[in-house]
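First comes the structure, then the notes that go with it.
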Amino acid sequence: MKYLIIGASAAGLACAEQIRKEDKNGSITILTKEKYLPYSRPLISYYLKGVVKERNMLLRKPSFYKEKGIEIVNSCEVRAIDTASKTVKAGRKTYEYDKLCICTGSKPFIPPMKNVQGKENALTFLDLESTKAVKAQANENTRAVVIGAGLIGMKAAEGLSKICRSVDVVELSPRILPSILDAKSSKGVKKYIEEKGNIKFHLGDTVDQAKSRGKKITAVVLSSGRELKCDLLIVAVGVRPETELAEKAGIQVERGIVTDFETMQTSNSDIYAAGDCTVSNDMLDGSKKIIALWVNAVQQGRVAGSRMAGGSESLGGSFAVNAIDFYGLRICTCGLINASGEQYRDVIKHNDDKYKRLIFEGNKLVGFVLINSSENAGIYTSLIENQTDLTELIGDITETPSLFMFEKAVRQSKLKGELE
């Protein structure tokens with residue numbers, strides 16, 4: 001059996017490892033356009049700050065791939081998938097497959113801005129190569145501007161604040177980290193970051209155009225009319241699923257690649273997909289969305305690999321989970337953070353630098369925001385994952401979830417190991 005995987009990040013590696021677990025003899029080839037062995041993308045901000053070295057970002061030692069019989073072809077950009085001949089074209093080479101998995105991930109979204117495209121100091125921040133480019137240009141005299149105050153933009157800003165003279169963050173939303181924080185918690189996090197780092201926020205605003213000298217940007221002009229001096233511009237507005245290969249191959253795509261949510265099989269029976277390039281089913285509200293998270297990609301890759309090798313692994317429910325820190329402030333979020341509707345209610349507890357918000361739908365926990373209150377995050381996540389009926393619990397869920405004494409829920413929940 002010939003297994004071919006396009007993409008060598010979280011989903012691609014998980015797929016390859018699972019295939020090898022279930023098929024000891026089949027050939028496994030991973031094609032990646034990057035020149036690096038699989039590495040941890042969440043660590044790029046720590047690499048930028050100088051906290052982590054490149055060699056420590058590797059997900060597996062180089063010898064691992066030889067031992068497992070996994071071939072990785074670097075600097076290999078796939079041009080086309082031919083479903084009729086079951087081949088993949090990359091440059092002048094053609095690779096055959098019996099089973100194929102598309103793990104192409106996502107690409108930066110670049111909004112329309114005048115005089116930005118093609119400038120030497122206008123960069124993105126999504127992978128190791130782009131991070132190296134940022135690091136090469138940033139120094140103690142640099143005035144950096146980051147467009148986007150989401151997860152990617154904020155980690156870029158934090159890393160740059162350790163290096164640069166100043167960092168301005170421009171965000172169209174009226175709050176920072178809008179996808180994972182509510183208005184109240186976002187306000188508190190913004191204040192904390194402003195106190196700890198040399199970061200200045202410009203919310204409810206965006207970059208319209210840049211001023212330049214030759215091939216380098218010297219300033220950016222915001223929609224509000226404000227002008228910011230700029231030696232380095234980081235575009236971190238967001239990402240979009242990388243679906244072009246799938247679309248050209250006639251595979252069903254609806255914003256992301258459409259798969260069977262249990263098996264990760266696409267509309268082509270011999271092709272699977274996993275990771276940020278796919279559409280996920282949010283088990284909490286039934287919506288179809290892109291859940292571009294590392295854990296989700298690993299789970300999907302594992303299931304895809306199992307099914308490709310004839311196994312029976314199935315994907316459980318997907319939902320958003322984030323754990324991140326800024327200047328020592330720990331933030332954990334999960335589930336339906338921005339849920340709206342009469343069926344939802346929330347409970348908020350705020351004490352000094354600690355913030356806890358739990359979101360409920362009826363008798364079930366469907367989301368949380370924890371700031372410096374992460375000690376029970378695992379238990380809350382399990383309650384959400386197992387859709388536990390909270391009427392079975394004894395105790396105050398906002399205070400002592402680890403002391404809940406209940407029998408029916410324990411039997412049905414994966415919490416048993418944590419509570420014994």
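The CD atom of Glu375 sits 6.0 Å away from the NZ atom of Lys356 when rounded to the nearest 0.5 Å. How far CD1 of Ile147 is from CD1 of Ile234: 9.5 Å, rounded to the nearest 0.5 Å. Distance check, rounded to the nearest 0.5 Å: OH of Tyr97 to CG of Leu31 gives 12.0 Å. Distance CG/Asp389 to CG/Leu365: 12.0 Å, rounded to 0.5 Å. Atom CG of Asn121 sits about 5.0 Å away from atom CD1 of Ile217, to the nearest 0.5 Å. Here Leu128 contributes atom CG and Ile44 contributes atom CD1; the two are 8.0 Å apart, rounded to the nearest 0.5 Å.
In terms of the side chain to side chain contact (heavy atoms under 4.5 Å, CB included) criterion, residue partners of Ala249 (sequence neighbours excluded) are, by chain and number, Ile81, Thr83, Ile251. Remark: Ser75 pairs with Lys35 by the side chain to side chain contact (heavy atoms under 4.5 Å, CB included) rule, at least two apart or across chains. Looking at residues two or more places apart in sequence or on another chain, you find a side chain to side chain contact (heavy atoms under 4.5 Å, CB included) between Lys49 and Tyr46, Val51, Glu158, Lys162. Under the rule for a ring pair (Phe, Tyr, Trp, His ring centres under 6.0 Å), Tyr3 has no partner lying at least two apart in sequence or in another chain. Residues satisfying the side chain to side chain contact (heavy atoms under 4.5 Å, CB included) criterion with Lys364, sequence neighbours excluded, are Gln387.
Taking the centre and axis of the six-membered ring of Tyr47, the NZ or CZ atom of Lys135 falls inside the cone set by 45° and 6.0 Å.
Annotation: salt bridge (charged side-chain N to carboxylate O under 4.0 Å, His left out) contacts involving residues 11-20, sequence neighbours excluded, comprise Glu17-Arg60. Applying the salt bridge (charged side-chain N to carboxylate O under 4.0 Å, His left out) test to residues at least two apart or on different chains, none of the pairs has a partner in residues 21-32. Applying the salt bridge (charged side-chain N to carboxylate O under 4.0 Å, His left out) test to residues at least two apart or on different chains, the pairs with a partner in residues 187-198 are Lys190-Glu194. The ring pair (Phe, Tyr, Trp, His ring centres under 6.0 Å) analysis of residues 189-208, with sequence neighbours excluded, yields no pairs. Counting only residues at least two apart or on different chains, the salt bridge (charged side-chain N to carboxylate O under 4.0 Å, His left out) pairs with a member in residues 264-283 are Lys86-Asp270, Lys99-Asp270, Asp282-Lys289.
Looking only at side-chain heavy atoms (C-beta outward), Trp294 and Ser9 come within less than 4.5 Å of each other. When side chains are defined from C-beta on, Glu313 counts as touching Gln18, because their heavy atoms get closer than 4.5 Å. The shortest side-chain heavy-atom distance between Val279 and Thr259 does not fall under the 4.5 Å cut-off. With a 4.5 Å cut-off on side-chain heavy atoms, Ile290 and Arg255 count as touching. Between Leu358 and Phe360, the closest side-chain pair of non-hydrogen atoms falls below 4.5 Å. With a 4.5 Å cut-off on side-chain heavy atoms, Leu203 and Pro174 do not count as touching. With contacts defined as side-chain heavy-atom distances shorter than 4.5 Å, the pair Lys288/Phe261 qualifies. The shortest distance between side-chain heavy atoms of Thr266 and Ile102 does not fall below 4.5 Å.
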Quiz item: Can you list the steps and then say if Leu293 with Asn322 is a side-chain contact (heavy atoms from CB on, under 4.5 Å)?
Solution: CA-CA 8 Å; Leu293 297 171; Asn322 289 283; 3.2 Å; yes
Quiz item: Do Ile5 and Cys103 pass the side-chain contact (heavy atoms from CB on, under 4.5 Å) test, and can you show the C-alpha distance, the side-chain angles, and the key distance before you say yes or no?
Solution: CA-CA 7 Å; Ile5 300 167; Cys103 305; 4.1 Å; yes
Quiz item: Between Glu96 and Ser85, does a side-chain contact (heavy atoms from CB on, under 4.5 Å) hold up when you go through it step by step?
Solution: CA-CA 8 Å; Glu96 297 179 348; Ser85 63; over 6 Å; no
Quiz prompt | side-chain contact (heavy atoms from CB on, under 4.5 Å) assessment of Phe64 paired with Leu59 | solution = CA-CA 10 Å; Phe64 169 86; Leu59 293 172; over 6 Å; no
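In this structure, the side chain of Thr104 engages the main chain of Glu242 through a donor-acceptor pair within 3.5 Å. Here the side chain of Asn351 pairs no donor or acceptor atom with the backbone of Lys354 at under 3.5 angstrom. Proximity of a side-chain donor or acceptor of Ser186 to a complementary backbone N or O of Ile176 within less than 3.5 Å is detected. Side chain of Ser382 to main chain of Tyr380: no donor-acceptor pair is present (N/O by atom type, distance under 3.5 Å, no hydrogens or angles).
What you find for Asp127 and Tyr39 is that their closest heavy atoms are CB-OH, 3.3 Å. Heavy atoms only, all atoms of each residue included: Ala149 and Val169 are closest at CB-CG1, 3.8 Å. Scanning all heavy atoms of the two residues, the minimum distance from Asn115 to Ala210 falls at ND2-O, 2.9 Å. Taking each heavy atom of Ala138 and Leu232 in turn, the nearest pair found is CB-CD2, 4.1 Å. Pairing each heavy atom of Ala304 with each of Ala274, the nearest pair is CB-CB, 4.5 Å. Shown here for Asp208 and Ser223, the closest heavy-atom pair between the two residues is OD2-CA, 3.1 Å.
Inspection of the Ser318 and Asn296 side chains reveals an N or O donor paired with an N or O acceptor under 3.5 Å. Between the side chains of Thr388 and Asn386, no donor-acceptor pair is found at a separation under 3.5 Å. Using modelled atom types, one finds a donor on one side chain and an acceptor on the other under 3.5 Å when comparing Ser280 with Gln300. In this structure, a donor-acceptor pair under 3.5 Å is absent between the side chains of Ser373 and Arg330.
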Would you mind writing out the side-chain donor-acceptor pairs for residues 332-340 within the sub-3.5 Å range, not counting sequence neighbours?
residue, atom, partner, partner atom, Å
Asn338, OD1, Arg175, NH2, 3.1
Asn338, ND2, Pro178, O, 3.2

Under 3.5 Å, sequence neighbours excluded: what are the donor-acceptor pairs made by side chains of residues 65-74?
residue, atom, partner, partner atom, Å
Asn74, ND2, Glu34, O, 3.4
Asn74, ND2, Tyr36, O, 3.0

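Ion pairing of Arg226 with Asp205 is absent here, as no side-chain N (NZ or NE/NH1/NH2) approaches a carboxylate O to less than 4.0 Å.
Enclosure of atom CD in Gln252 by more than 12 non-hydrogen atoms of other residues, nucleotides or ligands within 6.0 angstrom is indicated. Under a cut-off of 6.0 angstrom, the local environment of CD in Gln343 is crowded, with over 12 non-hydrogen atoms contributed by other residues, nucleotides or ligands. The neighbour count for Lys132 NZ, taken as heavy atoms of other residues, nucleotides or ligands under 6.0 Å away, is above 12. Heavy atoms from other residues, nucleotides or ligands lying under 6.0 Å from CD of Glu247 number more than 12. Enclosure of atom NZ in Lys114 is not indicated, since only 12 or fewer non-hydrogen atoms of other residues, nucleotides or ligands lie within 6.0 angstrom.
Between His350 and Tyr355, the ring-plane angle classifies as perpendicular under the 30° and 60° cut-offs.
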